[in-house]
2 protein chains.
Amino acid sequence: MDGFQPPGRLVTLTDVAREAGVGESTVSRVLRNHGSSSKRARERVAEAVARLGYVPNRLAGSLAGPGASAQLAGVIVPSLANVVFPDLLRGLTGALDAAGIRCVIGVSDYDPDREEALAAALLSWRPAALLLTGLEHNPGTVALAKAGGVRVVEMIDTDGAGIDAVVGFSNRAVGAASARHLVARGYRRIAYLGHDLQVDLRAGKRLAGFEAALGEAGLSLHGREIRPGPSSPGSGRAGLESLLARHPDLDAVYFSNDDMALGGYFACLAAGLSVPGRIALFGFNGLDFAAAMPQPLSTVRTPRLEIGRQAASCLIGESPKKIDLGFELIEGATA
Amino acid sequence: MDGFQPPGRLVTLTDVAREAGVGESTVSRVLRNHGSSSKRARERVAEAVARLGYVPNRLAGSLAGPGASAQLAGVIVPSLANVVFPDLLRGLTGALDAAGIRCVIGVSDYDPDREEALAAALLSWRPAALLLTGLEHNPGTVALAKAGGVRVVEMIDTDGAGIDAVVGFSNRAVGAASARHLVARGYRRIAYLGHDLQVDLRAGKRLAGFEAALGEAGLSLHGREIRPGPSSPGSGRAGLESLLARHPDLDAVYFSNDDMALGGYFACLAAGLSVPGRIALFGFNGLDFAAAMPQPLSTVRTPRLEIGRQAASCLIGESPKKIDLGFELIEGATA
DNA sequence: GCGGCTTTTGGCAGCGCTGCCAATCCGGTT
DNA sequence: AACCGGATTGGCAGCGCTGCCAAAAGCCGC
């Protein structure tokens, strides 16, 4: 248990074999519980492992094993600042843990070039799979993914063609459903308040779906505000204030997500505007706080954790190429 | 660039060497920009790499290199549901990225046994470092970390002794500062509202510091409510409602974090209680939304990103054993 | 046009592990 | 007592790469 060794050389399987008085292959078999071994061998190996404090070297194991590694998954997310992606990771790690697969992560900052560089970097660890966010990638990223000999799972978005497996929901459909809800509730002068669309392509798809559905109802966007930088309550608050200054008559706002919507709600509280009487608010994501608000936020709950879990199952077992997990429109009290 | 190879065997360095008409070592040197090489060799290798779509195998590289790997960092966080940890990861990955080090993550769910198992699992990838959260671990975890031949960095908490490097701030001091602030503002009947303390030891330390400072002022906690499960606005809202039912006379509440405080604020809004007139609210973390609230939340801003960055620098360069990054008390409008 | 020097190069061992295969062991048979 | 089939075992090659070292090539001035 103490395993004092000259730092620099760690205990190896060979050490364990010598200590246990058995061959290397026997130790290997016992440790992986693979092939047959006698009770005696198992005991001696277990003792030696404990005595020496042996930690197997998976680098070597994966190298020697068939088809390189299979115990790492490379995950690239655009950001960690938006709760969505930690939630995704949460679902992933939770489900992958049981299978002994670890996630190596990369954060692309919504930059396709960075994503490509990260894909190459992660692929160099010979992961069992590469998990990407969204369907839009550099050609180079796609080439890497295809040539890499790994499974590829694209998460979150189902609006388009994937490289291999795709798990998510339709952002366009979310936008459309949100618009229909607002229209059905009688709102007519509806604005959009979002963060940078160039950067968050999924938000752009939601907006496209939203505008399309608005169009079907004979309406169009009554103002729009795109805030630079990432989404945040602060940005949502400032955005709504600016939007109202320009379009004092609007009666509803569709936000790029709940964080922005929360900021909008705060703006209304601060300005004494009644919600949804004077102005209705509609978000996206269905975050925890939405339900705790004095007036529960009207929003769309996305299956973020479930996407992670399903993506994990794409690596472990076989599963369909494209999984649409849908979404749920939450009729809160703000729209 | 297309690199069509029979799936199952990926392009190896040997293939590149053959294609480029040079020796393996030359390819290796060129690729790592290590040692000297002629311009001609560099060009031929670059061409061959591009033509074959070669992606180096770091598994093999790390195994062959000195002292095993040095390009992976094992990170264990207790949760991904609390913004704090994604923020930590954000700081980490951001700073480690430049050095080409990738993070392999593990989520312990606040369970020390799980943490130990994860430590062993991560160590088996022979990372350059093991990054843990907090200072409290199983003896087995500590033994692994010490014997693992890796740098160990414990993040977030500085109240206690670390295994190796420690980066964070004093949670006790945060609690004490929060208490002093409330006392100085004239609040006397102060309650605590938190989530499971057994599980979140740092929250426990804050509370201990809070109570100690209250004691110095001749006060003690006027009620406390510990909610089961993780912190969330929903939990904070329900908690404050229950707390007020039991202690209708309290004039301030110290929350285990901003999420809980946000829920408390919502409870006040819903019940029509003026903040801070009727009841003052004080949070912890300084999250984005705190500043966007109609009345900015009084809270303590913690250097989460910076902790991640400093932790990263502990792996890259040399740095002091213990880094206390402090915190900032934000005098909002709610306390 | 030849030493003496530096720069560049390739061969090969070996990192720690696994898969393969032949050797050994065991218990029961004939 | 010699024999047999299956269970168990150990030796060893090799996964893809890097470090070491000696060999080869280039370069200088005389």
Side-chain angles (χ1 to χ4, degrees), chain A residues 5 8-45 48-49 52-72 100 123-127 148-149, chain B residues 5 8-45 48-49 52-72 100 123-127 148-149:
Chain A
Q5 64 269 177
R9 216 187 76 77
L10 296 175
V11 181
T12 71
L13 182 139
T14 310
D15 299 327
V16 175
R18 194 183 316 113
E19 178 80 10
V22 300
E24 298 180 29
S25 349
T26 303
V27 177
S28 177
R29 268 184 308 248
V30 168
L31 256 28
R32 283 172 306 136
N33 204 26
H34 179 270
S36 58
S37 54
S38 63
K39 189 163 177 247
R40 183 172 160 285
R42 262 167 290 162
E43 285 169 356
R44 303 202 58 165
V45 168
V49 164
L52 262 33
Y54 172 66
V55 176
N57 183 340
R58 293 228 189 192
L59 253 30
S62 298
L63 185 60
S69 166
Q71 311 285 39
L72 286 179
L123 247 16
S124 75
W125 290 106
R126 294 290 185 266
Chain B
Q5 64 268 176
R9 215 187 77 78
L10 297 175
V11 181
T12 71
L13 181 138
T14 310
D15 298 328
V16 175
R18 193 183 317 114
E19 178 81 11
V22 300
E24 299 180 28
S25 349
T26 302
V27 177
S28 176
R29 267 183 309 247
V30 168
L31 256 28
R32 284 172 306 137
N33 204 27
H34 179 270
S36 56
S37 53
S38 64
K39 187 161 178 251
R40 183 173 160 286
R42 263 167 293 168
E43 285 168 358
R44 302 202 58 165
V45 169
V49 163
L52 262 35
Y54 172 66
V55 176
N57 184 339
R58 292 230 191 192
L59 255 29
S62 298
L63 184 61
S69 165
Q71 311 284 43
L72 285 179
L123 247 16
S124 75
W125 290 105
R126 294 290 184 267

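The chains referred to below are lettered A, B, ... by the order of the sequence lines, with proteins before strands, and numbering in each begins at 1. FYI, side chains are in, hydrogens and waters are out, and symmetry mates aren't considered; it's all heavy atoms of this structure. What you see is a predicted model, and the numbers here were worked out from it, not measured in a lab.
A straight line from CG of B/Leu13 to P of C/dC12 spans 16 Å, rounded to a whole angstrom. Per the geometry, CG belonging to B/Leu63 stands 8 Å off C1' belonging to C/dC17, to the nearest Å. Taking atom NZ of A/Lys39 as the reference point, atom P of C/dC26 lies 17 Å away to the nearest angstrom. With rounding to whole Å, B/Asn57 atom CG is found 14 Å from D/dG14 atom C1'. Between the P atom of D/dT8 and the CZ atom of A/Arg42 lies a distance of 8 Å, rounded to the nearest Å. At whole-Å resolution of the value, CZ in B/Arg18 and C1' in C/dG10 are 15 Å apart. Summarising the geometry, the separation between CD on A/Gln71 and C1' on D/dC15 is reported as 16 Å, rounded to the nearest angstrom. Between the C1' atom of C/dC15 and the CZ atom of A/Arg58 lies a distance of 18 Å, rounded to the nearest Å.
Here the shortest heavy-atom pairing between A/Val16 and A/Val11 reads CG2-CG1, 4.2 Å.
Counting any heavy atom pair closer than 4.0 Å across all strands shown, B/Ser36 reaches a base atom. Using a 4.0 Å heavy-atom distance criterion, A/Ala41 is classed as a sugar-phosphate-only contact.
The stretch residues 24-34 of chain A touches DNA chain D through A/Ser25, A/Thr26, A/Arg29, each having a heavy atom within less than 4.0 Å of the strand.
The side chain of B/Ser37 approaches C/dT9 more closely than any other nucleotide in the set D/dC15, C/dT9, D/dG16.
By the 4.5 Å heavy-atom criterion applied to side chains, A/Leu63 and A/Arg126 are not counted as neighbours. A heavy-atom distance below 4.5 Å is found between the side chains of B/Val27 and B/Val22.
No donor-acceptor pair closer than 3.5 Å links the side chain of A/Arg44 to the backbone N or O of A/Gly21.
With rounding to the nearest 0.5 angstrom, the OG atom of A/Ser62 is 15.5 Å from the CZ atom of B/Arg58. Put simply, CG on B/Asn57 and CG on A/Leu123 are 10.5 Å apart, with the number rounded to the nearest 0.5 Å.
Partner of B/Arg42 under the side-chain contact (heavy atoms from CB on, under 4.5 Å) criterion, chosen from B/Thr26, B/Leu31, B/Val30: B/Val30.
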